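The block underneath contains the structure these notes are about, expressed in C-alpha cells.
Note that this is a predicted model, so its numbers are computed, not measured. In the text below, chain A, chain B and the rest are named by the order of the sequence lines, each starting its count at 1.
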2 protein chains.
Amino acid sequence: MTDARSFIDVSADTARPATRDVILDAAERVVSRDGSGRLTIDAVVRESGFSKGGVLYNFPSKQALIEGMVSRLILQARTDCEAALDGAQLSGENPVAALIRAILAFKHANRDVAMALLAAAAESPELLDPVREMMARIREDVISRAPDPIMARIALLAADGLHLGDILGLDMITPDEQAAVEARLVQLVSEPAPR
Amino acid sequence: MTDARSFIDVSADTARPATRDVILDAAERVVSRDGSGRLTIDAVVRESGFSKGGVLYNFPSKQALIEGMVSRLILQARTDCEAALDGAQLSGENPVAALIRAILAFKHANRDVAMALLAAAAESPELLDPVREMMARIREDVISRAPDPIMARIALLAADGLHLGDILGLDMITPDEQAAVEARLVQLVSEPAPR
DNA sequence: GCATCTATACCGTCTGGTCGGTTTTTATCT
DNA sequence: AGATAAAAACCGACCAGACGGTATAGATGC
C-alpha cells in the first residue's frame, strides 16, 4: 500500500516539514540503541515526540514504517554511489576505487540509516528484497569495471563485513586499523590481477 | 559432542540429554525462516514439538534460550578453529590459511547455528558480548601469525561479510564465485606483504 | 525418589492497530 | 486582504490479541 512516490517526493517537494524523516530518524535511533526487537510503534512514538496517531498517519503499519526505513537506506546509498561515480569522472580517478571509497564512507555517515537492515530482517525477511537488488546492482557495477574482478569482489565483501559487523554491534576494528584496511582495499582494487 | 549447557549453567553434572539441542535447533529454524522478531517461546514450542512446560524447564526464560543459542555458536566455532589449527600442524599447512579456510567453511556447515547472532542482537545487544570476545580472539590469533597482517584483516572481514550477509538473508554470491573468492583469500593470506 | 517431561489454565503486560475527534494548512471565493 | 470550507496532519483513548512467564497436576523412566 505504501507507494514509493511519497518517499522520493520528500526531498523534491517544497519545504513541508519532513515529518516522515523525523519519525524514521527516531526509529533508527531505537534500533541502534535498544536492538531491533525493541522497535515498537510506541517506542517510536516516545522517541519522535509525535503521537501514536501521528506516527500511524504517516506510516499506516509497522511494516510500512520499516519499508520506509529501507526505502531511505536505498535512496541514500544510490545517491552516494552516483555522486562518487560523478566525482571520479570529473577528477579522472579510478571509478572502482571511488566506489569502494564511497561504500566504506557510508558506514561513518549513515550508520543509523543502515539500521533498517536489522529492523527489516527482524520483522519479515522479504522486506530486504529491495536491498538485495540494490546491492547486486552495485556489485555488478563495481566488478564489471574492475581490473581484477575477484579482488573487487573481495573488497566489496570486506566492506560489507565492516558494515554488517558494525550494525550488529560486533565492533571488529579500531579506527586506525580501519584506515589502513581502507587504504589497502582501494589500492588492491585499482591494480590488475597478478600473474 | 560436548555439553553446551556447561557454558551457561554452573551445574554441569551429568551428560544432558539431547533435548536442549532439539529445542535450540527449533529456535534456529524459527529465526532462519521467520526472522528474529518472530522468535517467541510459543513458536519454539510449536517448532520443537515439546510442550511449553518442557521448553521452559530446559530454558527458564527467553533470554536463557538465546544465551543457549549463543553458547552453542561459540562452542562450535571454537571447536572448528582448534581442529583446523591441529590439522594444519599435522599436515604442515600454513596455519593462517587453514584458519581462514575453517572460518569460511563454517558458513556452509553452521548457517542455522549462526542465527543466534540475529536472535541475540534483537533481544538484547549485550548478549553478543561473548561473541565479540571470541571473534577478537580468533582475529588476534590469525593476524599475529599472518605474513601480511592487513591482508589477513581484510580476509577476515571478507569472511565476516559472507557470514553476516548470509545470516541476514542478503545472498551476495553464487557458490562458484565463492569458491574463487575463497581460493584467492587463502592465497592472499599466505603471501608476505608486497614491496 | 528424583529428574524430565506433558498438558493446560491462567495472569499482567505489551503490542499493533482502530477510531472519533481536534488542530493546522491549503485552496477558493469575494 | 479576509472569510471560509475542505483537506491534510495530528492526537490520544481504547481494544483484541500476542507475549513472557507462572502454576499446577500428572505421566514416564532410571
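- One finds a side-chain N or O of A:Y57 lying less than 4.0 angstrom from the OP1 or OP2 phosphate oxygen of D:dA9.
- Considering only residues two or more places apart in sequence or on other chains, A:A122 meets the side-chain contact (heavy atoms from CB on, under 4.5 Å) condition with A:S36, B:S36.
- With sequence neighbours excluded, the residues satisfying side-chain contact (heavy atoms from CB on, under 4.5 Å) with A:N110 are A:Q76, A:D80, A:F106, A:V113.
- Listed pair A:N58 / D:dA9 fails the phosphate criterion, with no side-chain N or O lying under 4.0 Å from OP1 or OP2.
- Partners of B:E123 according to the side-chain contact (heavy atoms from CB on, under 4.5 Å) rule, which considers only residues two or more places apart in sequence or in another chain, are B:K62, B:I66, B:L127.
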Pairs under 3.5 Å (N/O, protein and nucleotides 13-19 of chain C):
{"from": "C:dG16", "atom 1": "OP1", "to": "A:K62", "atom 2": "NZ", "distance (Å)": "3.0"}
{"from": "C:dG16", "atom 1": "OP2", "to": "A:I41", "atom 2": "N", "distance (Å)": "2.9"}
{"from": "C:dG16", "atom 1": "N7", "to": "A:K52", "atom 2": "NZ", "distance (Å)": "3.1"}
{"from": "C:dG17", "atom 1": "OP2", "to": "A:K62", "atom 2": "N", "distance (Å)": "2.7"}
{"from": "C:dG17", "atom 1": "N7", "to": "A:K52", "atom 2": "NZ", "distance (Å)": "3.3"}
{"from": "C:dG17", "atom 1": "O6", "to": "A:K52", "atom 2": "NZ", "distance (Å)": "2.6"}

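- Applying the side-chain hydrogen bond (donor to acceptor under 3.5 Å, both in side chains) rule to A:E133 yields no partners; only residues at least two apart in sequence or on another chain are considered.
- Under the salt bridge (charged side-chain N to carboxylate O under 4.0 Å, His left out) criterion, A:E93 pairs with A:R101, sequence neighbours left out.
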